[in-house]
Amino acid sequence: MSYRTHNCTELTKKHVGKEVTLSGWVHKRRDLGGLVFVDLRDRYGMTQVVFNPDMVKDFKIAEKLKYEFVIKVVGKVEARQKENINKDLATGEIELMASEIEVLSEAKAMPFEIFETNKGDEDEDLRLKYRYLELRREKLKNNILFRARVEKYIREYMDSRDYVHIATPILTVSSPEGARDFLVPSRVHPGKFYALPQAPQQYKQLLMVAGFDKYYQIAACMRDEDARADRSPGEFYQLDVETSFKTPEEFFQEMEPLFIELTEKVAGKKVMSKPFPRIPFKSAMEEYGSDRPDLRYDLKMIDVSEWASGTEFNVFKEAEHVRVLVVPNGDKFTRKEIDNEFTDKAKRAGAKGLAWMKHTEGKFEGGVSKFFDAGKLEALTKLVDVKENAILFFSADKWEGSCKALGPVRELAAEKLELIDENLIAWAWVVDFPMYEWDEEREKVDFGHNPFSMPQGGMDDLLNKDPLDILAHQYDIIANGLELSSGAVRNKDPKIMYKAFEIAGYTKEQVDEEFGHMIDAFEYGAPPHCGFAPGIERLVMLLLGEPNIRRVVPFPKNQKAEEPMMGSPAEASDDQLKELSLKIVQDKK
RNA sequence: GGACCGGUAGUUCAACUGGCUAGAGCACCGCCCUGUCACGGCGGAAGUUGCGGGUUCGAGCCCCGUCCGGUCCGCCA
């Protein structure tokens, strides 16, 4: 009577002779006239069902089956003849000889095929509209199942280390820092709005004040910002973690095994270096041209400012910083690749151009080599380890520009030279981010990242150092060129907080108005605390090697933040608007 | 808000420098087939070439505008 006694992946030779019931979708059918084969599919796998007119009660039903019908089949497990074994199928040694068949649900013709004959390249809007069908596809289904395994592993890891799972409010208040908020109108309070949380940042810090010294949550975060390939518009999830009474180093050591185990045990990939390197922000920028470098390959930049200032090449002579990236075997890059692709990368990163020269058979040639005499070129070989055949890319700019220009050049070179091992994950902590940075536009000092981070030297540094030299207890965890999360030791000292904000140009009154409740809380006994919040989708993308975030989200939004299946966002009815005391002013197009 | 790439049967693609009655695979419909597993065979239906305008004897192809999608920049822990 039951719908199934087994699923579609578990029947093996051991079950031969047994009568079983399977239910699932008709994945493929092969109608040979007097004999019908059906690949029956469910979440777990696939089993071949054979309908033989001599064995099955109602063969006519079997003949009328279409793709994606949901059926129930009763039958006997039979071993396949040797020549009929399918090695590509997990259940390929057996088949189900049907005795009864029942159609549980018919299906219309699919808007696209579930069986991926077309590599899953159909128009994405179409696939999003029928996401429930796309989710039947092997690859996407496995991605979602993989994500569930990752999240389960995370929960078990955190639980086993005594972290407390606490849900924080979804309806909360707008925060002045960071991204645009999603607002939710209040019915009870006309004209007032809740905001959806961009992150549970303030709540988790308040939980520390409350004494829940180890907190975690796989938290929904909502931000009204535009999409990227690795960024969902609207919403995403973070593994939100905060802990009291731990130094950052202790925190790193507690969290590192989670990422190692996820890489090795769940994803079956290799970790590049254990423990994870701790790379100061400054070196990351100067050596790799990025604050989230891909460490799977070497390729480091070298500072040649001093050498450059002594040359007759004006661009180099006048620049504050000149850096060089030596790419072994890069001499084979064509003029077209250099002028178009590499130069384009550098320009997009803010450079005016990209200087280069090749080193072939012991000689510098091409590009800017003509600007330097033999002596200068000889001097250069003493500074940089020039491989026999190589290309040298130069950047010349102020500190930040000289670093950033070569970062994407480095990535492109690695890609072209196939230096990237897809089976490797190079985790690292980037530490010592600057507390402040210079805001060129507004010509003032502003917070580099999170204003709630503790300055490393505390009040002493704030009082005595050039703000731009002050480092924060702020760190990122990165992998393969992705930033998984930033984190920090939080500033829980009201005096230091007022001073930190003062340096960035905020008055005490402004701070009180916007963060008064936080400061208030810190005045009732706040433990030192730190934490981070890695993005779940990015983590899963990284572990799977998927380039697009929509491949790891079950029901994603498109680039315009719409969900074509449900049709969100949608207009509200006049009654709803009235109840919420809202009026739509802008013309509907 | 901006830049770039794309839009041809349900779907994936094709159609040379403008010559077309817009083709093919899969899906769909009908018939045949008892060992298939991307089953095979025969036949059929399926299109305002995103939309609007222009150039031309003639436009899927060229031009202008517009809409839609993706990637990137801006924005964003």
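Lettering of chains follows the sequences in order, A, B, ..., and the numbering in each one begins at 1. Note that the coordinates shown come from a computational prediction; the quantities given were computed from them, not determined experimentally.
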Subject >> Base paired to A24(B) (Watson-Crick or G-U; both N/O distances under 3.5 angstrom) >> reply: U12(B)

Original post:
Which part of the nucleic acid does F112(A) contact within heavy-atom distance under 4.0 Å: base, sugar-phosphate only, or nothing?
Top reply: nothing

Original post:
Do S232(A) and E537(A) pass the side chain to side chain donor-acceptor pair (under 3.5 Å) test, and can you show the C-alpha distance, the side-chain angles, and the key distance before you say yes or no?
Top reply: CA-CA 9 Å; S232(A) 293; E537(A) 288 88 352; 5.2 Å; no

Original post:
What pairs with D226(A) under side-chain hydrogen bond (donor to acceptor under 3.5 Å, both in side chains), at least two apart in sequence or on another chain?
Top reply: none

N/O contacts under 3.5 Å, protein versus nucleotides 29-31 of chain B?
none

Original post:
When we call it a touch if two heavy atoms are under 4.0 Å apart, what does L126(A) touch: a base, just sugar-phosphate, or nothing?
Top reply: sugar-phosphate

Can you name the atoms? Protein N/O to nucleotides 66-75 of chain B N/O, anything below 3.5 Å, with the distance.
from, atom 1, to, atom 2, distance (Å)
G69(B), OP1, E562(A), OE1, 3.4
G69(B), OP2, K560(A), NZ, 2.6
G70(B), OP1, Q559(A), N, 3.1
G70(B), O3', R550(A), NH2, 3.1
U71(B), OP1, N548(A), ND2, 2.8
U71(B), OP1, R550(A), NH2, 2.8
U71(B), OP2, Q559(A), OE1, 3.4
C72(B), OP2, A229(A), N, 2.8
C72(B), O2', R348(A), NH1, 2.7
C73(B), OP2, R228(A), NE, 2.9
G74(B), N7, R228(A), NH2, 2.5
G74(B), O6, R228(A), NH1, 3.0
G74(B), O6, R228(A), NH2, 3.1
G74(B), N1, D226(A), OD2, 2.7
G74(B), N2, D226(A), OD2, 3.3
C75(B), O2', E225(A), OE1, 2.6
C75(B), O2', E225(A), OE2, 3.3
C75(B), O2, R231(A), NH2, 3.0
C75(B), N3, R231(A), NH1, 3.4
C75(B), N3, R231(A), NH2, 2.9

**OP:** Tell me the partner of U17(B), counting only Watson-Crick (N1-N3 plus N6-O4 or O6-N4) or G-U wobble (N1-O2 and O6-N3) with both under 3.5 Å; none if nothing fits.
**Re:** none

Original post:
On a whole-Å scale, what distance lies between the C1' atoms belonging to C75(B) and G18(B)?
Top reply: 44 Å

Original post:
Contact class for E483(A) (heavy atom, under 4.0 Å): base, sugar-phosphate, or nothing?
Top reply: base

Original post:
What integer number of Å spans the C1' atoms of G6(B) and U49(B)?
Top reply: 14 Å

**OP:** Could you work out which one of G35(B), C76(B), C37(B) sits closest to the side chain of D39(A)?
**Re:** C37(B)

Original post:
RNA chain B: E95(A) or Y67(A), which has the more 5' nearest nucleotide?
Top reply: Y67(A)

Original post:
Who does G43(B) pair with, Watson-Crick or G-U, both distances under 3.5 Å?
Top reply: C29(B)

**OP:** Rounded to whole angstrom, note down the P distance from G10(B) over to C20(B).
**Re:** 24 Å

Per-pair distances, 0.1 Å, donor-acceptor, side chain in residues 51-63 of chain A, under 3.5 Å, sequence neighbours excluded:
from, atom 1, to, atom 2, distance (Å)
N52(A), OD1, D54(A), N, 2.9

Subject >> Close residues, residues 216-224 of chain A, relative to RNA chain B [heavy-atom separation under 4.0 Å] >> reply: R223(A)

**OP:** Quick one: look up who G1(B) pairs with, Watson-Crick or G-U, both distances under 3.5 Å, and put none if it's unpaired.
**Re:** C73(B)

**OP:** Could you run through nucleotides 42-49 of chain B and give me one letter per nucleotide, 5' to 3': B if any protein heavy atom sits under 4.0 Å from the base, S if only the sugar-phosphate is that close, - if neither?
**Re:** --------

Subject >> Watson-Crick/G-U partner (both atom distances under 3.5 Å) of G6(B) >> reply: C68(B)

Original post:
Among the nucleotides U34(B), C37(B), U11(B), which one has an atom lying closest to any side-chain atom of D54(A)?
Top reply: U34(B)

